[in-house]
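Working notes, beginning with the structure itself.
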Number of protein chains: 2
Amino acid sequence: MSEVAKAAGVSVMTVSNVVNGHRYVSETTRDRVLEAIDRLGYRVNVAARNLRSGSTGIIGLAVPGVDAPYFGQLAALLIEGATRLGYQIVVEQTGATRESELGALTHSRLRMYDGLIISTVGLGNEDAEQLRSEISGFPVVALGERLSGAGALDHVAMANVAGALDATRHLVERGCRRVAVLGGTLGPGVSAGSLRTAGYRSALAEAGLPWREELVVEREFTLGGGAAGVRALVAAGVAFDGLVCLTDTLALGALRALADHGLAVPDDVRVIGFDDIEQAAYAVPSLSSVAPGHSEMADAALRMLTERIAGRRPEGAFEEFTGPHRLVVRESTGG
Amino acid sequence: MSEVAKAAGVSVMTVSNVVNGHRYVSETTRDRVLEAIDRLGYRVNVAARNLRSGSTGIIGLAVPGVDAPYFGQLAALLIEGATRLGYQIVVEQTGATRESELGALTHSRLRMYDGLIISTVGLGNEDAEQLRSEISGFPVVALGERLSGAGALDHVAMANVAGALDATRHLVERGCRRVAVLGGTLGPGVSAGSLRTAGYRSALAEAGLPWREELVVEREFTLGGGAAGVRALVAAGVAFDGLVCLTDTLALGALRALADHGLAVPDDVRVIGFDDIEQAAYAVPSLSSVAPGHSEMADAALRMLTERIAGRRPEGAFEEFTGPHRLVVRESTGG
DNA sequence: TTGTATGCGTTATCAG
DNA sequence: CTGATAACGCATACAA
């Protein structure tokens with residue numbers, strides 16, 4: 001910068017003013033400086049600017065992995081939105097382990113992100129105390145269910161209970177009487193799995209159908225998990241005519257395994273997923289799903305985070321947002 | 001840091017030495033400093049360190065979008081590898097336009113990444129001149145085909161021609177005589193599409209089958225593109241008994257449309273994709289594909305980039321790597 | 001409208 | 001083994 005200043009016959013301060021588009025720079029000076037900048041190929045040194053300003057313009061995004069379609073699509077929305085807001089996004093993959101999620105949290109401050117959006121799977125509200133101390137004033141938005149904010153974080157959620165309830169109710173309305181839940185959980189705790197399982201359970205109760213443990217298949221939210229879940233159900237000789245899959249990925253795996261077992265969808269078994277990832281519409285049969293308002297969630301997360309970064313939100317007050325959900329009916333539940 | 005130094009009764013330099021694990025610090029001093037660091041909750045300021053060191057530890061990754069499974073899975077591998085190497089990755093989404101790809105290139109130096117991995121779609125070798133000036137010494141690795149390096153970039157490629165040739169040959173061996181290519185291109189130029197089309201063409205020639213323009217369906221590499229391509233083929237009354245899809249995403253869209261038209265896979269039409277994304281194995285029918293050695297490509301790209309960042313490669317000499325490919329046969333081509 | 005002085009937090013250098 | 005000093009490149013406050 002000093003070289004530019006010398007070349008243009010001005011002070012470094014004037015160069016700085018030109019670079020940052022400040023007022024009070026005469027046309028002629030500006031032109032002279034710009035010409036020099038151009039000629040010398042000068043670029044601002046972001047590290048120095050960061051040091052000076054105390055901010056980096058970088059938001060961290062911690063997710064299990066961008067290879068999972070759900071997170072890939074979410075990350076795409078967040079990156080796009082962040083770019084529009086003048087931020088960049090560093091993606092950290094946690095692999096869904098509690099340790100690395102905590103690591104990301106710590107890391108986020110070490111690395112000097114301006115803020116962090118974290119979608120936890122391993123880390124839950126039981127870790128709230130540790131989180132609070134780990135974060136202490138640092139802008140963090142929790143995305144998803146495991147961290148429900150617990151009054152210490154801004155939180156973007158989706159309509160897990162209502163969505164799963166709608167999905168299950170939809171199957172029941174189509175005549176299913178033995179509806180299994182793939183990815184469901186019997187355990188306690190707050191997670192996407194347990195909340196959606198609760199929604200499933202409510203729908204059964206509402207319809208006067210019994211809750212049967214044998215219809216709850218606990219699996220990881222992966223293609224392999226979905227396929228294995230169906231195989232297990234069949235192997236155990238459990239009869240079912242409906243399948244609520246807690247994610248679309250799980251559902252796509254299930255469709256595959258159902259085909260392997262010669263079970264027709266939707267004739268023998270009606271299947272519905274959750275997330276409405278793009279692939280759902282192109283599956284064979286196309287997959288009914290619950291669309292959780294991805295873009296609204298991404299927008300909300302970015303808004304909350306940038307407001308907090310800007311200090312526009314009071315330290316103690318935390319916001320909660322739940323995406324609007326919508327049932328999307330396709331072939332897998334009979335169109 | 002100065003506060004820590006004061007608290008520990010040493011100089012900032014000693015604190016720095018402790019933080020960076022330098023030798024020549026006595027046990028007792030180290031312990032005292034660490035204790036103070038802990039007590040005061042001190043964290044190194046990365047911006048200052050960056051300013052001092054002239055590097056940021058950040059690698060830019062420019063891809064069309066991480067919502068496309070192929071790029072999502074690639075990004076996941078790169079992020080994981082980069083993390084292992086002590087780098088972080090900022091993801092820039094270009095949306096596959098030439099302008100934003102150029103923008104990413106410019107941006108990469110403005111933002112002070114240590115290097116950039118770029119997978120271009122719009123930008124091609126015809127832009128080589130502009131690229132050269134844009135980059136000029138900055139560490140960049142081109143991933144994919146459009147930028148073949150042109151002797152000015154390190155380049156990680158995949159076996160496009162050989163892979164497509166193997167895929168097409170496989171269909172022919174299974175008895176297909178009218179093999180269409182979905183996503184193929186008639187135009188000139190170097191791109192994944194044109195290279196794979198060339199491979200397809202070679203295989204036809206090798207088998208003594210005629211090259212027919214009507215069997216070349218030019219489409220975007222999306223689910224929608226795949227479905228639309230098949231619809232167009234059927235609508236035009238073009239007979240085909242084999243379908244080489246230039247990406248798996250295209251193939252999954254095609255499978256969907258084939259089902260819509262009542263065409264059985266593999267009985268009426270055999271289908272093969274390219275990329276071997278995870279979903280291929282779980283499609284109904286499961287999708288044969290060409291696995292292009294994703295992880296080897298990711299490793300190679302990171303190795304090349306980090307070596308160049310470290311200045312371990314001569315300025316003028318550029319490296320070329322082609323991933324090992326492998327045909328993966330599944331149901332869609334008859335198992 | 002432009003320039004001067006100063007400090008952001010680190011670390012390399014070199015003296016002690 | 002430890003410490004004083006300078007410098008990385010920029011932008012704020014203030015003076016001219």
Side-chain angles (χ1 to χ4, degrees), chain A residues 1-38 40-58 86 107-114 138 309-311, chain B residues 1-38 40-58 86 88 108-114 138 309-311:
Chain A
M1 186 180 251
S2 64
E3 292 188 22
V4 172
K6 199 178 301 171
V10 298
S11 75
V12 291
M13 211 37 242
T14 302
V15 178
S16 173
N17 284 331
V18 170
V19 168
N20 296 295
H22 283 177
R23 302 152 315 211
Y24 305 136
V25 180
S26 70
E27 277 294 323
T28 55
T29 315
R30 183 197 313 286
D31 289 347
R32 210 142 33 87
V33 171
L34 287 176
E35 186 275 332
I37 284 177
D38 205 47
L40 276 62
Y42 163 80
R43 311 277 178 183
V44 296
N45 178 321
V46 188
R49 177 179 285 178
N50 289 345
L51 175 58
R52 192 51 231 236
S53 69
S55 76
T56 59
I58 293 182
H107 206 193
S108 66
R109 298 172 55 223
L110 291 178
R111 268 320 302 199
M112 239 184 87
Y113 300 150
D114 287 352
F138 184 74
I309 289 172
Chain B
M1 189 180 250
S2 64
E3 292 188 21
V4 172
K6 199 178 302 172
V10 298
S11 75
V12 290
M13 211 39 240
T14 301
V15 177
S16 174
N17 284 331
V18 170
V19 168
N20 296 295
H22 284 177
R23 299 153 316 207
Y24 305 137
V25 179
S26 69
E27 277 294 326
T28 55
T29 318
R30 184 197 313 285
D31 289 347
R32 211 142 33 88
V33 171
L34 288 176
E35 186 276 331
I37 284 177
D38 205 48
L40 275 63
Y42 163 79
R43 310 279 177 181
V44 297
N45 179 322
V46 187
R49 175 178 287 176
N50 289 345
L51 174 58
R52 196 46 233 226
S53 69
S55 74
T56 59
I58 293 181
Q88 304 206 246
S108 66
R109 299 173 55 223
L110 292 177
R111 269 319 301 200
M112 237 182 90
Y113 300 150
D114 288 351
F138 184 74
I309 289 172

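Both backbone and side-chain heavy atoms feed into the values below; hydrogens, waters and symmetry mates do not. Lettering follows sequence order; numbering is per chain, from 1.
- What separates OH of B/Tyr42 from C1' of C/dT10 is a distance of 8 Å, to the nearest Å.
- When rounded to the nearest whole Å, the span between CG of B/Asn50 and P of D/dC10 equals 14 Å.
- Taking only side-chain nitrogens and oxygens, B/Arg49 never comes nearer than 4.0 Å to OP1 or OP2 of C/dG9.
- Rounded to whole Å, atom C1' of C/dT2 lies 19 Å from atom NZ of A/Lys6.
- Atom-to-atom distance recorded for A/Leu51:CG and A/Thr56:OG1 is 12.0 Å, nearest 0.5 angstrom.
- Using modelled atom types and a 3.5 Å distance limit, the side chains of B/Gln88 and B/Tyr113 yield no donor-acceptor pair.
- If you find the closest nucleotide of DNA chain D to B/Val10 and to B/Arg52, the one lying nearer the 5' end belongs to B/Val10.
- For A/Met13, the listed nucleotide lying nearest its side chain is C/dG3; candidates were D/dA4, C/dG9, C/dG3.
- The side chain of A/Ser16 places no N or O atom within less than 4.0 Å of a non-bridging phosphate oxygen (OP1 or OP2) of D/dG9.
- Listed pair A/Thr29 / C/dT1 fails the phosphate criterion, with no side-chain N or O lying under 4.0 Å from OP1 or OP2.
- Taking CG of B/Asp114 as the start and CZ of B/Phe138 as the end, the distance is 7.5 Å to the nearest 0.5 Å.
- Residue A/Glu3 places its CD atom among 12 or fewer non-hydrogen atoms of other residues, nucleotides or ligands, all under 6.0 Å distant.
- Nucleotides of DNA chain C nearest to B/Asn17 and A/Arg32 differ in position, and the one nearer the 5' end is that of A/Arg32.
- Proximity of A/Thr14 to the phosphate of C/dG3: a side-chain N or O atom is located under 4.0 Å from OP1 or OP2.
- For B/Asn20 and C/dT11, the shortest distance from a side-chain N or O to OP1 or OP2 is below 4.0 Å.
- If you take CE of A/Met1 and P of C/dT4, they are 15 Å apart, rounded to a whole angstrom.
- Contact check, B/Tyr24 against D/dG3: no side-chain N or O comes under 4.0 Å of OP1 or OP2.
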